[in-house]
There are 2 protein chains.
Amino acid sequence: MIPRRKNRVPAPPDACPLTACMAIIGGAWTPNIIWYLSQAPRRFSELKYDLQGISAKVLAERLKRLEQDGIVLRASVATSPPTVEYRLSPLGLELKPAIEAIVSVGERLKQMKVNSGVAV
Amino acid sequence: MIPRRKNRVPAPPDACPLTACMAIIGGAWTPNIIWYLSQAPRRFSELKYDLQGISAKVLAERLKRLEQDGIVLRASVATSPPTVEYRLSPLGLELKPAIEAIVSVGERLKQMKVNSGVAV
DNA sequence: CTGTATCCTTGGCGATACTG
DNA sequence: CAGTATCGCCAAGGATACAG
C-alpha cells in the first residue's frame with residue numbers, strides 16, 4: 001500500500017521560518033508539555049496529571065516525537081517500579097524564550113479581556 | 001447573542017496561560033498571517049499570495065476571527081475597486097515578540113539540522 | 001508505572017462555485 | 001477585488017483495552 005503523504009500542513013514556502021518551529025510546538029498539547037518540562041523534569045504520569053485531559057496515547061506520541069526532534073531527553077530508571085523522567089534537552093531549552101513570550105502575551109490577553117469586561 | 005467560541009483546543013485548564021495565546025496563534029496558517037501583517041499592512045489578495053496555498057475560505061475565516069479577537073484591524077476603502085487593508089492592532093503588535101521568538105528558534109533549529117547533516 | 005493498539009469523532013482545511 | 005457557501009477529506013485527538 002502506498003504510504004499516504006502527510007502533507008496536511010500546506011507548507012507555506014520556507015520564506016517564513018515560523019513553519020519550522022510551529023511544526024514542533026504546533027500541536028494542541030505540545031506547547032504545554034514543553035512549558036511544564038521547562039519548569040522542572042517530570043515523569044510520564046506527572047505530566048499526564050498536569051495536562052489534565054490529555055490521553056495517554058497523545059502524551060506518548062508527543063513525547064516520542066519531541067524526543068526524536070531532540071527537544072526532550074528521556075531517562076528511564078529501571079528500578080523496581082520503573083520510572084521515566086523527561087526533561088528538556090539543551091535544544092529544547094532554546095524554546096523557552098519563545099514559550100515564555102507566548103505565555104506573557106497570553107497573560108496580557110487575559111488582562112485585556114478582563115479590563116474590557118469580556119467574560120472569561 | 002453570545003458569539004459561539006469554537007473550542008478547537010481541548011482546553012487544558014487555564015492553569016497554563018499558554019492556552020489563551022495558543023488559541024489565537026494555534027491554527028496552521030494563523031502565525032504566518034500574523035507574521036506577514038507584522039511586517040507591513042496587507043490586502044486580502046496580497047496575503048493570499050504571500051501565504052501560497054491557503055484557500056480564500058480559510059484566510060477569510062482566520063482574518064475574521066483575528067479581527068474579532070482584536071488582533072487585526074480591517075480597513076475597507078470603498079473606492080471603485082474596493083480594497084481592504086489588514087494590519088495588526090496594538091494588541092496584535094503585542095504578539096510580535098512571541099512570533100519573533102518563535103521565528104528565531106525556528107532559525108536555530110534549521111541551523112542545527114544543517115549542522116547535524118540532516119536533510120532539510 | 002509506562003506505555004501501545006484499535007476504533008471513533010471532531011473540525012481544520014482545500015477545492016470549487018458563486019456573490020457584491 | 002474581497003469575500004461567502006457547500007462539500008468532502010483526513011490527521012489530531014479521545015476512549016478504551018491491553019502489554020511490559
Side-chain angles (χ1 to χ4, degrees), chain A residues 1-13 19 22-33 37 41-68 72-87, chain B residues 4-13 19 22-33 36-37 41-68 72-87:
Chain A
M1 169 174 171
I2 297 172
R4 220 169 246 297
R5 279 194 50 99
K6 298 186 37 161
N7 127 32
R8 199 183 69 76
V9 162
T19 313
M22 288 307 288
I24 291 177
I25 64 173
W29 294 99
T30 322
N32 285 327
I33 294 176
L37 288 182
R42 274 176 167 79
R43 306 214 323 259
F44 186 88
S45 53
E46 288 173 333
L47 274 173
K48 192 163 181 329
Y49 174 79
D50 292 331
L51 304 156
Q52 288 205 345
I54 195 174
S55 61
K57 179 192 137 194
V58 172
L59 180 54
E61 272 177 12
R62 295 290 135 216
L63 285 173
K64 189 178 293 182
R65 178 130 201 284
L66 288 170
E67 191 192 353
Q68 285 169 1
V72 310
L73 299 176
R74 180 182 182 276
S76 62
V77 183
T79 50
S80 56
T83 61
V84 181
E85 195 175 76
Y86 293 93
R87 61 195 182 85
Chain B
R4 198 153 174 35
R5 271 317 237 157
K6 298 203 339 176
N7 68 332
R8 300 168 291 133
V9 165
T19 312
M22 289 308 288
I24 291 177
I25 64 172
W29 293 100
T30 321
N32 286 327
I33 294 177
Y36 279 116
L37 288 182
R42 274 174 167 80
R43 306 213 324 259
F44 187 89
S45 52
E46 289 173 333
L47 274 173
K48 191 164 180 330
Y49 174 79
D50 291 332
L51 304 156
Q52 287 205 346
I54 194 174
S55 61
K57 180 193 138 194
V58 172
L59 180 54
E61 271 177 12
R62 296 290 133 213
L63 285 172
K64 189 177 293 182
R65 182 133 198 275
L66 288 170
E67 191 191 355
Q68 285 170 1
V72 311
L73 299 175
R74 179 182 183 276
S76 62
V77 184
T79 50
S80 58
T83 59
V84 181
E85 194 176 77
Y86 293 93
R87 62 196 183 85

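Residue numbers begin at 1 in each chain, while the letters A, B, ... track the order of the sequences.
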Exercise. Yes or no on side chain to side chain contact (heavy atoms under 4.5 Å, CB included) for B:T30 and B:R62, after CA distance, side-chain angles and deciding distance?
Worked result: CA-CA 7 Å; B:T30 321; B:R62 296 290 133 213; 3.3 Å; yes
Write down the protein N/O and nucleotide N/O pairs, taken from nucleotides 1-3 of chain D, whose separation is under 3.5 Å; answer none if there are no such pairs.
residue, atom, partner, partner atom, Å
D:dA2, OP1, B:R43, NE, 3.0
D:dA2, OP1, B:V84, N, 3.1
D:dA2, OP2, B:S45, N, 3.1
D:dA2, OP2, B:S45, OG, 2.8
D:dG3, OP1, B:R74, NE, 3.4
D:dG3, OP1, B:R74, NH2, 2.8
D:dG3, OP2, B:Y86, OH, 2.5

Problem set entry | Euclidean distance, A:K48 NZ relative to A:L63 CG, rounded to 0.5 Å | 12.0 Å
For this session: Would you indicate which nucleotide in C:dG12, D:dG14, D:dT6 comes nearest to any side-chain atom of B:R62?
Result: C:dG12
For this session: From the options A:I54, A:N32, A:L59, select the one residue that forms a side-chain contact (heavy atoms from CB on, under 4.5 Å) with A:L47.
Result: A:L59
Problem set entry | Distance-minimising heavy-atom pair for A:G27 and A:P31 | O-CD, 3.3 Å
Exercise. Counting only N and O atoms by type, is there a donor-acceptor contact under 3.5 Å from the side chain of B:R42 to the main-chain atoms of B:E85?
Worked result: no
Exercise. Hey, is the side chain of B:W29 poking within less than 4.0 Å of OP1 or OP2 on C:dG14, counting only N and O atoms?
Worked result: yes
Exercise. Quick one: bend of the helix from C:dC1-D:dG20 to C:dG20-D:dC1 from 5 pairs per end, to 10°?
Worked result: 50°
Exercise. Who passes side chain to side chain contact (heavy atoms under 4.5 Å, CB included) against B:V84, sequence neighbours left out?
Worked result: B:R74, B:S76, B:Y86
Exercise. Which part of the nucleic acid does B:K57 contact within heavy-atom distance under 4.0 Å: base, sugar-phosphate only, or nothing?
Worked result: base
Exercise. Okay, side chain of B:E67, backbone of B:K64: is any donor-acceptor separation there less than 3.5 Å?
Worked result: no
